[in-house]
Amino acid sequence: MFLIIGHRGASGYEPENTLLSFRKALDQNADMIEMDIFKCKTGELVVIHDSTVDRTTNGKGKIQDLTFNELRALDAGKGEKIPALDEVLNMLNGKVKINLELKGEDTAQPVCDLIREHVNERRWKYNDFYISSFNHRLLQKFISFIPKNAAINICPLIYGIPIDLAELKTTLNAYSINISADFNDPDIIEEAHTHGMKVFVYVVNTAEEALKLQSLGIDGVFTDYPDRLQNLL
Ligand code: G3P
Ligand code: MG
């Protein structure tokens, strides 16, 4: 199955990483929804892409220096608030696969704890979760907190072409590698598959490019416009 992954929701249509954007991605039948995770000053996990609020809200400052209440007072676009990860998980409640991209250094344990809570109390299953990061050591840390036999999928992000892909399989037991469209080298795709890893490509916003990548054998794409790719693949 070729996966259509809503990048920051359906961020081509609605403000990125907001409930509005995630609802839109769901309406557009995305198979998976991607979002970026930081921890704020008071410890809550929040969904936002940058380490500061400057670009995506009407506020200023670093996430780690702002309390949850301060963050919630900001406008993240169209009157939307910066979501808490907890409320996103409550809203989506197992209806779609979810890709949590760990951005903040201190997110590994609290994300793992929150997932466990939602799997125990709501409709989520461990294998609905796909955890990614450009920081592979953070993924290693994350793995150390996963409960035994919980089949959470680990998806290292790569910008560039690493020498050793096999190492990602052995050290992280990676489910996939998530690579940039700037480096969709056919050899790396084949090598990842040889080692039993899927290949997802970010960010692909035209049907033409998605079809081309599909013909190279990749397993899915991150897109800002999930509806554009729906009927073509
Ligand atoms: O996971 C794909 C993509 O989200 C990685 O880059 O900067 O959009 O978080 P970025
Ligand atoms: Mg991301």
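Numbers here simply count residues along the sequence, with the first being 1. Computed from heavy atoms alone, side chains included, the values below leave out hydrogens, waters and symmetry copies.
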Next on the checklist: For Lys125, is there any backbone N or O sitting under 3.5 Å from a side-chain donor or acceptor partner on Asp128?
Outcome noted: yes
Checklist entry - Looking only at heavy atoms, what is the nearest atom pair of Thr67 and Cys40, with distance? => result C-SG, 4.3 Å
Checklist outcome for this item: Value for CD1 (Ile161) from CD1 (Ile179), rounded to nearest 0.5 Å, stands at 7.5 Å
Checklist entry - Counting N and O atoms only, with roles assigned by atom type, does the side chain of Asn29 sit under 3.5 Å from a partner on the main chain of Asp227, one being a donor and the other an acceptor? => result no
Checklist entry - Which atom names give the shortest non-hydrogen contact between Phe145 and Arg116, and what distance separates them? => result O-NH2, 4.2 Å
Item to check | Residue Lys169 excluded, over 12 heavy atoms near NZ under 6.0 Å | outcome: yes
Next on the checklist: Under the criterion side-chain contact (heavy atoms from CB on, under 4.5 Å), I'd like the reasoning laid out for Ile82 against Val47: C-alpha separation, chi angles, the key distance, then a yes or no.
Outcome noted: CA-CA 6 Å; Ile82 296 171; Val47 182; 5.6 Å; no
Next on the checklist: Check whether Glu80 reaches the backbone of Leu20 with its side chain - one donor and one acceptor, N or O, closer than 3.5 Å.
Outcome noted: yes
Item to check | Least distance between heavy atoms, Val96 atom then Ala30 atom | outcome: CG2-O, 3.5 Å
Checklist entry - Quick one: NE2 on His118 to CG on Leu92, what's the gap to the nearest 0.5 Å? => result 10.5 Å
Next on the checklist: Starting from Leu74, can I reach Leu45 by hopping between I/L/V/M/F/W/Y residues whose side chains sit under 4.5 Å apart?
Outcome noted: no
Next on the checklist: For Ile218 and Asn184: C-alpha separation, side-chain torsions, deciding distance, then whether side-chain contact (heavy atoms from CB on, under 4.5 Å) applies.
Outcome noted: CA-CA 9 Å; Ile218 67 146; Asn184 60 11; 5.9 Å; no
Checklist entry - Do Asp50 and Arg55 meet the salt-bridge criterion of a basic N to acidic O distance under 4.0 Å? => result yes
Checklist entry - Does the side chain of His49 reach to within under 4.5 Å of the side chain of Arg8, using non-hydrogen atoms? => result yes
Next on the checklist: Minimum heavy-atom separation for Ile63 and Lys39, please, with both atom names.
Outcome noted: CG2-O, 4.0 Å
Next on the checklist: Just to verify, what does Asn93 make a side-chain contact (heavy atoms from CB on, under 4.5 Å) with, not counting sequence neighbours?
Outcome noted: Arg122, Arg123, Trp124
Checklist entry - Is there a side-chain contact (heavy atoms from CB on, under 4.5 Å) between Phe142 and Ile154 once you walk through the steps? => result CA-CA 9 Å; Phe142 180 87; Ile154 302 296; 3.8 Å; yes
Checklist entry - So, do Leu100 and Ile98 sit near enough that their side-chain heavy atoms are less than 4.5 Å apart? => result yes
Next on the checklist: Looking only at the aromatic ring of each residue, does the gap between the centers of Tyr159 and Phe134 stay below 6.0 angstrom?
Outcome noted: no
Next on the checklist: Tell me if a side-chain donor or acceptor on Glu34 pairs with a main-chain N or O of His7 at a distance below 3.5 Å.
Outcome noted: no
Checklist entry - Just by modelled atom types, is the Tyr130 backbone N or O under 3.5 Å from a matching donor or acceptor in the Asn99 side chain? => result yes
Checklist entry - Taking the side chain from Ser133 and the backbone from Glu101, do they hold a donor-acceptor pair closer than 3.5 Å? => result no
Checklist entry - So, Arg72 and Glu70, do they make that salt bridge, N to O below 4.0 Å? => result no
Item to check | Stepwise side-chain contact (heavy atoms from CB on, under 4.5 Å) check, Glu16 with Met35 | outcome: CA-CA 9 Å; Glu16 66 180 56; Met35 62 198 71; over 6 Å; no
Item to check | Considering all heavy atoms, the nearest Thr223-Val203 contact | outcome: CA-CG1, 4.3 Å
Checklist entry - With distance as the sole test, does Ser21 use its side chain to make a donor-acceptor pair with the main-chain N or O of Thr18 at under 3.5 Å? => result no
Next on the checklist: Under a 4.0 Å threshold between the charged nitrogen and the carboxylate oxygen, would Glu208 count as salt-bridged to Arg228?
Outcome noted: no
Next on the checklist: Within the supplied structure, the quantity of interest is the number of heavy atoms (other residues, nucleotides, ligands) at a distance under 6.0 Å from Lys103 NZ; does it exceed 12?
Outcome noted: yes
Next on the checklist: Are the side chains of Lys78 and Pro15 in contact, using a 4.5 Å heavy-atom criterion?
Outcome noted: yes
Checklist entry - If you group Ile, Leu, Val, Met, Phe, Trp and Tyr by side-chain heavy-atom gaps below 4.5 Å, do Met197 and Phe200 land in one group? => result yes
Checklist entry - Given side chains that start at C-beta, do those of Phe129 and Leu89 come closer than 4.5 Å, heavy atoms only? => result yes
Next on the checklist: Check this for me: Glu117, atom CD, are more than 12 non-hydrogen atoms of other residues, nucleotides or ligands nearer than 6.0 Å?
Outcome noted: yes
Next on the checklist: According to side-chain hydrogen bond (donor to acceptor under 3.5 Å, both in side chains), does anything in residues 134-157 pair up with another residue at least two apart or in another chain? List the pairs.
Outcome noted: Glu105-Asn135
Checklist entry - Do Ile48 and Leu114 share a hydrophobic cluster, counting only Ile, Leu, Val, Met, Phe, Trp and Tyr and linking them when any side-chain heavy atoms are less than 4.5 Å apart? => result no
Checklist entry - Are Phe222 and Val88 co-members of a hydrophobic cluster defined by side-chain heavy atoms under 4.5 Å apart? => result yes
Checklist entry - Does the side chain of Ile37 reach to within under 4.5 Å of the side chain of Val46, using non-hydrogen atoms? => result no
Next on the checklist: Quick one, Pro162 and Ile188 - any side-chain contact, counting heavy atoms below 4.5 Å?
Outcome noted: yes
Item to check | Smallest separation among heavy atoms of Tyr202 and Asn178, with atom names | outcome: CE2-O, 3.5 Å
Checklist entry - Considering only heavy atoms from C-beta outward, does the side chain of Lys198 approach that of Tyr175 to under 4.5 Å? => result yes
Checklist entry - Could you state the interatomic distance from CG (Asp219) to OG (Ser176), rounded to the nearest 0.5 Å? => result 8.5 Å
Next on the checklist: Just verifying a value: how many Å separate Ile158 CD1 and Leu168 CG, rounded to the nearest 0.5 Å?
Outcome noted: 5.0 Å
Next on the checklist: Let me confirm one number: the NZ-CD distance from Lys212 to Glu209, rounded to the nearest 0.5 Å.
Outcome noted: 7.0 Å
Checklist entry - Can you find a heavy atom in the side chain of Thr56 that is under 4.5 Å from one in the side chain of Asn17? => result no
Checklist entry - Just checking, is any N or O donor in the side chain of Asp224 or Tyr13 under 3.5 Å from an acceptor N or O on the other one? => result no
Item to check | Linked, directly or transitively: Leu138 and Ile177 (ILVMFWY side chains, under 4.5 Å) | outcome: yes
Checklist outcome for this item: OG1 of Thr194 to CG of Leu165, rounded to nearest 0.5 Å, is 9.5 Å
